[in-house]
Amino acid sequence: MPAHVLDGNLYATQIKSEVGEEVRHMVEAGVRPGLAAVLVGENPASQTYVRSKVRACEQLGIFSELITPPESSTTEELIAVVEGLNQRDDIDGILVQLPLPANVDSKAVLLAVDPAKDVDGFHPVNVGNLSTQRPGLVPCTPAGCMEILRRANIPIEGQEAVIVGRSDIVGKPLAMLLTNANATVTICHSRTKDLPAVCRRGDILVAAIGRPGFITTEFVKPGATILDVGINHISDPADFERFFKGDEKREKQFAEKGSTIIGDCDPRVVRIAGAVTPVPGGVGKLTIAMLMSNTVKAARLRRGQSLAPAAEAQPAKPKSTKAKNNAE
Ligand code: GUN
């Protein structure tokens with residue numbers, strides 16, 4: 001029987017609806033959460049992502065501001081932009097879209113973000129909070145992976161979770177989240193010996209390497225849950241044939257556009273797995289939903305509020321309340 005498809009669109013809609021409800025309560029109490037997106041230069045993929053993030057803010061009633069420094073910006077200039085946003089009381093979340101231009105010291109720019117406004121969860125303070133199980137802001141894609149598992153009632157405790165990919169944005173924080181949820185976690189990478197055998201241990205297998213269709217059926221334990229984090233574009237007809245031959249919908253799309261999107265998994269993994277996130281329509285959909293959720297979380301944390309559900313939310317304290325980044 002083919003794997004159950006974990007519907008990222010459905011879960012993202014649910015989360016956005018919950019966050020929108022929370023925003024309404026906050027606005028009634030006199031606080032509108034605000035997100036600033038810093039998009040440096042003219043990378044078309046980044047432009048598309050940031051546009052989607054701004055649109056999601058508009059849908060949910062979150063204030064958003066897009067700042068677009070030129071490609072020629074220096075590290076110092078970008079740090080000054082971030083520091084200006086740190087000072088603004090109407091901005092709860094700051095997102096610096098990556099990658100930054102090659103001449104910019106990305107780590108220095110990310111370090112300048114106030115940890116209380118770090119809705120990407122990339123600041124070392126938030127990385128430390130996550131690794132030591134303190135409340136804080138968690139990177140959006142790993143947080144989205146956890147939401148999928150939770151909402152699909154997939155057990156985590158005591159399960160073997162294998163993550164392929166050790167990036168700071170996905171692999172490492174997801175390993176922390178799964179460990180904190182009592183999974184037994186293995187992180188694999190390009191130097192891992194006998195990768196298929198290690199992956200076959202996974203009751204939960206996460207593909208986050210950025211290589212189209214890399215995870216094939218021989219990597220999959222029968223019945224495993226696969227979270228495919230990859231978003232890769234393929235335009236080579238030979239690659240297309242290898243992965244999608246006989247898939248009429250994809251063939252039509254490829255004929256029209258000359259390219260298609262594929263995750264890090266070969267589509268045939270559905271024959272072995274128990275549940276799989278599709279690409280597109282899987283993990284990627286949750287990333288923006290979790291960004292919205294983090295923005296609201298940051299707005300509440302900065303005002304010293306607990307993260308009680310919206311219906312129980314306390315009225316907002318005055319805006320002068322000192323910022324906090326370690327309360328939940
Ligand atoms: N570029 C690719 N993914 C991300 C992300 O999650 N956040 C930011 N800021 N930039 C990215």
Side-chain angles (χ1 to χ4, degrees), residues 12 16 19 33-60 62-88 90-127 137-145 165 167-174 208 210 229-233 261 280 283-299:
K16 284 201 256 182
V19 172
L35 175 71
V38 181
L39 170 63
V40 184
E42 310 208 334
N43 178 325
S46 293
Q47 285 173 330
T48 305
Y49 287 135
V50 170
R51 263 200 301 274
S52 307
K53 292 171 182 179
V54 169
R55 203 175 320 121
C57 286
E58 283 162 8
Q59 282 168 357
L60 302 191
I62 294 173
F63 169 74
S64 67
E65 188 165 306
L66 176 60
I67 297 149
T68 54
E71 182 84 22
S72 59
S73 302
T74 63
T75 302
E76 291 68 32
E77 284 164 346
L78 295 177
I79 289 175
V81 168
V82 167
E83 284 175 347
L85 295 168
N86 286 343
Q87 298 305 319
R88 280 178 52 185
D90 60 336
I91 296 297
D92 297 292
I94 302 170
L95 163 115
V96 180
Q97 186 65 27
L98 302 178
L100 290 172
N103 59 312
V104 170
D105 180 348
S106 301
K107 287 199 166 151
V109 175
L110 295 180
L111 196 61
V113 175
D114 178 347
K117 297 190 177 188
D118 171 34
V119 283
D120 264 324
F122 293 165
H123 192 286
V125 164
N126 282 317
V127 176
L137 294 162
V138 174
C140 301
T141 301
C145 289
S167 70
D168 293 343
I169 294 182
V170 181
K172 286 187 211 163
L174 184 54
V229 179
I231 300 176
N232 309 292
H233 294 263
I261 291 177
V283 175
K285 296 289 172 192
L286 277 283
T287 299
I288 292 181
M290 296 317 295
L291 176 69
M292 300 298 106
S293 171
N294 271 355
T295 303
V296 168
K297 189 173 174 186

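Bear in mind the structure is a predicted one, so any value in this text is a computation, not a measurement. Along the sequence shown, the residues carry numbers beginning at 1.
The nearest pair of heavy atoms linking S72 to E77 is O-OE1, 4.3 Å. Between K285 and A12 the shortest heavy-atom distance is O-CB, 3.3 Å. When every heavy atom of A298 is checked against every heavy atom of V119, the shortest pair comes out as CB-CG1, 4.2 Å. Across A56 and I288, no two heavy atoms sit closer than the pair CB-CG2, 3.5 Å.
Rounded to the nearest 0.5 angstrom, I79 CD1 and S73 OG are separated by 12.0 Å. Separation of atoms CG (N103) and OG1 (T74) is listed at 8.5 Å; rounding is to 0.5 Å. Annotation: the span from L35 atom CG to I91 atom CD1 amounts to 7.0 Å, rounded to 0.5 Å. Atoms CG and NZ, on D92 and K117 in that order, are 7.0 Å from each other to the nearest 0.5 Å. Taking OG1 of T48 as the reference point, atom CZ of R51 lies at 5.0 Å (rounded to 0.5 Å). The CD1 atom of I169 lies 13.5 Å from the CG atom of L174; values are rounded to the nearest 0.5 Å.
In this structure, the side chain of K16 does not engage the main chain of L60 through any donor-acceptor pair within 3.5 Å. The main-chain N or O of L137 is found under 3.5 Å from a side-chain atom of N126 such that the two form a donor-acceptor pair. Side-chain N or O atoms of K172 include none that pairs as donor or acceptor with a backbone N or O of V127 at under 3.5 Å. Put simply, the side chain of D114 never gets that close to the backbone of N86: no donor and acceptor are under 3.5 Å apart. A side-chain donor-acceptor contact under 3.5 Å links N294 to the backbone of V138. Judged by distance alone, with hydrogens and angles left aside, the side-chain atoms of H233 form no donor-acceptor pair with the main-chain N or O of I261 at under 3.5 Å. Within the 3.5 Å criterion, the main-chain N or O of L291 finds a donor-acceptor partner in the side chain of T295. Counting only distance, with no hydrogens or angles, the side chain of T141 and the backbone of V170 share no donor-acceptor pair below 3.5 Å.
By the 4.5 Å heavy-atom criterion applied to side chains, V40 and E71 are not counted as neighbours. Looking at heavy atoms from C-beta onward, L286 lies out of side-chain contact with C145 at the 4.5 angstrom threshold. By the 4.5 Å heavy-atom criterion applied to side chains, L110 and L98 are counted as neighbours. The closest side-chain heavy-atom distance from L39 to L66 is below 4.5 Å. A heavy-atom distance below 4.5 Å is not found between the side chains of P280 and I231. A heavy-atom distance below 4.5 Å is found between the side chains of K53 and Q97. Side-chain atoms of S46 and P99, non-hydrogen and from C-beta on, do get closer than 4.5 Å to each other. The closest side-chain heavy-atom distance from L85 to I67 is below 4.5 Å.
Few gaps surround CZ on F122; more than 12 heavy atoms of other groups in view lie less than 6.0 Å from it.
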Please assess V296 against I62 for the test side chain to side chain contact (heavy atoms under 4.5 Å, CB included), listing each intermediate value before the final yes or no. CA-CA 8 Å; V296 168; I62 294 173; 4.2 Å; yes
